[in-house]
Amino acid sequence: MIKGFNEGFLWGGATAANQCEGGYLDGNKGLSTVDVIPSGKDRFPVMLGEKKMLECDDESFYPSHEAIDFYHNFKSDIALFAEMGFKCFRMSLAWARIFPNGDEKTPNEEGLKFYDDVFDECLKYGIEPLVTITHFDVPVHLVKTIGSWRSRKMVDYYEKLCRVIFNRYKNKVKYWLTFNEINMLLHLPFIGAGLVFEDGENKEEVKYMAAHHQLIASAKATQIAHEINPEFKIGCMLAAGNTYANTCAPEDVWSSIEKDRENYFFIDVQSRGEYPNYAKKMLERKGIKLNIEEGDEELLKNNTVDFISFSYYASRLTSADPNINKSTEGNVFATLKNPYLKASEWGWQIDPLGLRITLNSLYDRYQKPLFIVENGLGAVDTPDESGYVEDDYRIDYLRRHIEAMRDAVNVDGVELMGYTPWGCIDLVSASTGEMKKRYGFIYVDKDNEGEGTLKRSKKKSFYWYKKVIESNGSDIE
Ligand code: BG6
């Protein structure tokens, strides 16, 4: 029999509050940044921080408002996860459920109680919650009043949130991630950090300032977490995927190193505890001076993360030649088209070996346990009348990625804590706002326009994944 994974390997699935909960104002929740991101033509300009839309209007459709209504269906959804045999469920907290405006003195009990109920439901089935503290959301009030993460005050509000949740859930949650895909703020600044740019300002400076604040907040969270419960395991979270060189020309290879460093920068700080020299030099060259306060360097140094988590969907490709600049469509991270790879319907290039490469690069670089907290294929599913989907394409994608993961662990010796494929139940796409871009093992009857019964149905992959978990990854056929 093929060797699977170690005992205790955390098989599961991943979601985020903003893409599945809905109930956007229920239980006294405040407005989150994601609640003001419409679908359609304004979506990208808003996500880029180029267009200011901080109120909802009657004409636009906002996919987060109802999403898949996990808020009212979490018990039956978690029961389905348990049926698949999940050991772990990755989810995020909506900050504005706990502090509706972000700056209140006391938290909103209804919001806290909701997450108590969700955790209790997981624990009832022996499912370990893995909680992302912030996954692409900030209370809109903090964007309006202080400009979100461009302001250092955000560190205090985030710290307050952390103290509340760490104390409240200290006996229910052990694994925490401070910021989802922290490097996303360079690519989609409103999504990643609630940034809206003013005319004529130095956007790069604002982004790196916000990055510094998030890095400080992350280190503070790690410090507080370990004080409150030394058993807590705190992870950082990177949108990963190695960048390949377009040719073996040294210039192309150099370009790929530079591209990867843009992303590694964040994890280098969170895991090694200091700004790497290449980043200091880059900031210097760009004339960016970070507002590094007294004590920041010590805080970063003394509070590094316990493990490195990341999302992996695709590898990337780059060239030093400015004439070869045709990126594939649909990718938030710029990449050339790799002729050796096929792509998803949304242009994301499918590269299972790239996962093994990424796992090895991260492990070589940080020597800390890794956790794949997102992976999967966004695809159009066509259900039959009963809602059943024969998603062999998804099974094939996941199978090949699990195989690569198995090689990284069993052949290369990478330490891997677990695997939570993205969107284990269909949910709203972060980049496009669509429902039609589905990742789940569970089909949800809802379309891009918000129509549908919200009925849940098991796909073919549901039964396949159940078997994978049962065999601890040795049977993936
Ligand atoms: C990651 C995010 O970027 O990729 C998720 O952490 C997101 O929130 C996922 O949903 C897949 O991207 P998309 O755009 O297909 O939803």
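Counting starts at 1 for both ligands and their atoms, in listed order.
Between Tyr439 and ligand 1 there is a heavy-atom distance shorter than 4.0 Å.
For atom 14 (O) of ligand 1, the nearest protein heavy atom (residue, atom name, distance) is Ser431 OG, 2.4 Å. Of all protein heavy atoms, the one closest to atom 10 (O) of ligand 1 is Gln19 NE2, 2.8 Å. Distance from atom 3 (O) of ligand 1 to its nearest protein heavy atom, with residue and atom name: Glu181 OE1, 2.6 Å.
Taking both residues in full, the closest heavy atoms of Asp57 and Tyr62 are given as N-OH, 2.9 Å, listed atom of the first, atom of the second, then distance.
Salt bridge Asp117/Lys75: absent, no basic N to carboxylate O contact under 4.0 Å.
An N or O contact shorter than 3.5 Å links Ala430 to ligand 1 by distance. Of the polar atoms of Trp348, none of the N or O atoms is found under 3.5 Å from an N or O of ligand 1, judged by distance alone. Polar contact check, Asn180 against ligand 1: a nitrogen or oxygen pair lies under 3.5 Å apart.
Ring pair His212/Tyr275 is tilted by interplanar angle, where 30° to 60° counts as tilted. The aromatic rings of Phe114 and Tyr71 sit tilted, their planes meeting at an angle between 30° and 60°. The aromatic rings of Phe119 and Tyr169 lie perpendicular to each other, with more than 60° between the two planes, well past the 30° mark.
In summary, the atoms of ligand 1 found under 4.0 Å from a heavy atom of Tyr313, numbered by their order in the structure, are 4 (O), 9 (C), 11 (C). Of all atoms in ligand 1, listed by their number and element, those nearer than 4.0 Å to a heavy atom of Ser429 are 13 (P), 14 (O), 15 (O), 16 (O). The Lys437 neighbourhood of ligand 1 comprises atoms 13 (P), 14 (O), 15 (O), with distances under 4.0 Å to a heavy atom of that residue.
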Query raised in the report: Would Glu21 and Lys29 satisfy salt bridge (charged side-chain N to carboxylate O under 4.0 Å, His left out), going step by step from the backbone distance to the final call?
Result: CA-CA 12 Å; Glu21 278 182 8; Lys29 179 178 165 292; over 6 Å; no
Report task. Please test Asp381 against Lys460 for salt bridge (charged side-chain N to carboxylate O under 4.0 Å, His left out), starting from the C-alpha separation and ending with a verdict. Result -> CA-CA 11 Å; Asp381 288 338; Lys460 188 173 179 181; over 6 Å; no
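Phe5 is listed as a side-chain neighbour of Ile402, based on a closest heavy-atom distance under 4.5 Å.
Across Glu374, Glu434, Arg438, heavy-atom proximity to atom 2 (C) of ligand 1 is greatest for Glu374.
In Trp346, neither the side chain nor the backbone holds a heavy atom less than 4.0 Å from any atom of ligand 1.
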